[in-house]
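Predicted model only: the values in this text are computed from it and were never measured.
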Amino acid sequence: MLVAGAGEILPPVPQWHRSRMVLVGDAAHAPSSSSGQGASLAMESAIQLARCLPDLPDAATAFLAYEQLRRPRVEKVAADAAKTNNRKASGPVAKALFSLLMPLAMKTFFTPEKMFGSLHGYRIDWDDVVTA
């Protein structure tokens, strides 16, 4: 499930490539704008595609490998954004509790590394050879 705007759910694109054409970025995977990850996911995808093209024998094989490398990550980011968007639809009591508890939580057990480590710490090994 891919999420676009507030409440809009875009269905996943079943295949990101056909013949000598491939989709990259929001054309293939558009996370919710509230995730703040659209541009970074597009750049990651472009880098992974650039890794696949020289390592594999033809465009179709490279495009398939690119999609297999990227789909799990972009679908996880989209799913996480959907969860965040659903939590934002809280009622007045939940909003008041959130406002009271969040400063305490941020000082005690929420840290950027724990909260966003897998999202912001993602690394692409450019030298790793891509296989089909």
Side-chain angles (χ1 to χ4, degrees):
M1 164 179 68
L2 296 179
V3 178
E8 288 182 54
I9 299 176
L10 298 176
V13 177
Q15 186 175 353
W16 294 0
H17 61 91
R18 185 178 322 155
S19 185
R20 297 185 50 82
M21 186 276 310
V22 66
L23 301 175
V24 179
D26 284 357
H29 48 73
S32 166
S33 59
S34 67
S35 73
Q37 296 300 309
S40 64
L41 287 176
M43 287 185 273
E44 289 174 13
S45 290
I47 291 168
Q48 290 290 36
L49 179 58
R51 287 184 57 236
C52 292
L53 288 168
D55 288 348
L56 296 167
D58 55 64
T61 306
F63 294 164
L64 181 60
Y66 149 73
E67 182 176 344
Q68 290 171 341
L69 284 168
R70 297 300 298 150
R71 191 177 283 274
R73 174 162 168 77
V74 300
E75 288 183 354
K76 181 181 183 328
V77 170
D80 290 348
K83 287 181 205 170
T84 299
N85 288 345
N86 289 337
R87 284 193 293 259
K88 289 179 182 178
S90 304
V93 173
K95 287 181 183 178
L97 282 172
F98 185 80
S99 296
L100 290 171
L101 296 175
M102 189 48 78
L104 176 64
M106 293 301 287
K107 290 179 185 174
T108 56
F109 56 88
F110 284 153
T111 63
E113 294 79 20
K114 287 181 185 173
M115 293 173 61
F116 305 112
S118 65
L119 192 62
H120 295 169
Y122 182 73
R123 299 289 181 259
I124 296 172
D125 183 356
W126 185 260
D127 295 324
D128 192 21
V129 175
V130 178
T131 58

Task: side chain to side chain contact (heavy atoms under 4.5 Å, CB included) partners for D128, two or more places apart - done: R51, D125

Open item on the list: For the CG atom of L64 and the CG atom of L56, what is their distance to the nearest 0.5 Å?
Closed with: 9.5 Å

Open item on the list: So, using side chain to side chain contact (heavy atoms under 4.5 Å, CB included) as the criterion, who are the partners of A42 when residues are at least two apart?
Closed with: none

Open item on the list: Run the ring-ring contact (aromatic ring centres under 6.0 Å, His included) test against Y66 and tell me which residues pass, sequence neighbours left out.
Closed with: W16

Open item on the list: For residues V129 and L53: do they belong to one hydrophobic cluster (side chain heavy atoms under 4.5 Å, members Ile, Leu, Val, Met, Phe, Trp, Tyr)?
Closed with: no

Task: Qualifying ring-ring contact (aromatic ring centres under 6.0 Å, His included) pairs with a residue from residues 42-65, counting only residues at least two apart or across chains - done: none

Open item on the list: Could you report the tightest heavy-atom contact between V24 and A46, atom names first, then the distance?
Closed with: CG1-N, 4.0 Å

TODO: Could you pull out the closest heavy-atom pair between V130 and C52, with the gap in Å?
DONE: CG1-SG, 3.8 Å

- [ ] Determine, step by step, whether H29 and L41 satisfy the side chain to side chain contact (heavy atoms under 4.5 Å, CB included) criterion, reporting the C-alpha distance in whole Å, the side-chain angles of both residues, the deciding distance to 0.1 Å, and the verdict.
- [x] CA-CA 8 Å; H29 48 73; L41 287 176; 3.9 Å; yes

Open item on the list: I'd like to check the side-chain hydrogen bond (donor to acceptor under 3.5 Å, both in side chains) partners of E44; sequence neighbours left out, ordered by chain and number.
Closed with: R70, R73

TODO: Run through the side-chain heavy atoms of Ile, Leu, Val, Met, Phe, Trp and Tyr, join any pair under 4.5 Å, and report what else lands in I47's cluster.
DONE: Y122, I124, W126

Open item on the list: Under the salt bridge (charged side-chain N to carboxylate O under 4.0 Å, His left out) definition, can you give me all pairs with a residue in residues 15-28, not counting sequence neighbours?
Closed with: none

Open item on the list: Going by side-chain hydrogen bond (donor to acceptor under 3.5 Å, both in side chains), name the residues that satisfy it together with D58, two or more places apart in sequence or in a different chain.
Closed with: T61

Task: Partner set under side chain to side chain contact (heavy atoms under 4.5 Å, CB included) for Q15, not counting sequence neighbours - done: H17, E67

Task: Pairs satisfying ring-ring contact (aromatic ring centres under 6.0 Å, His included), at least one member in residues 36-59, at least two apart - done: none

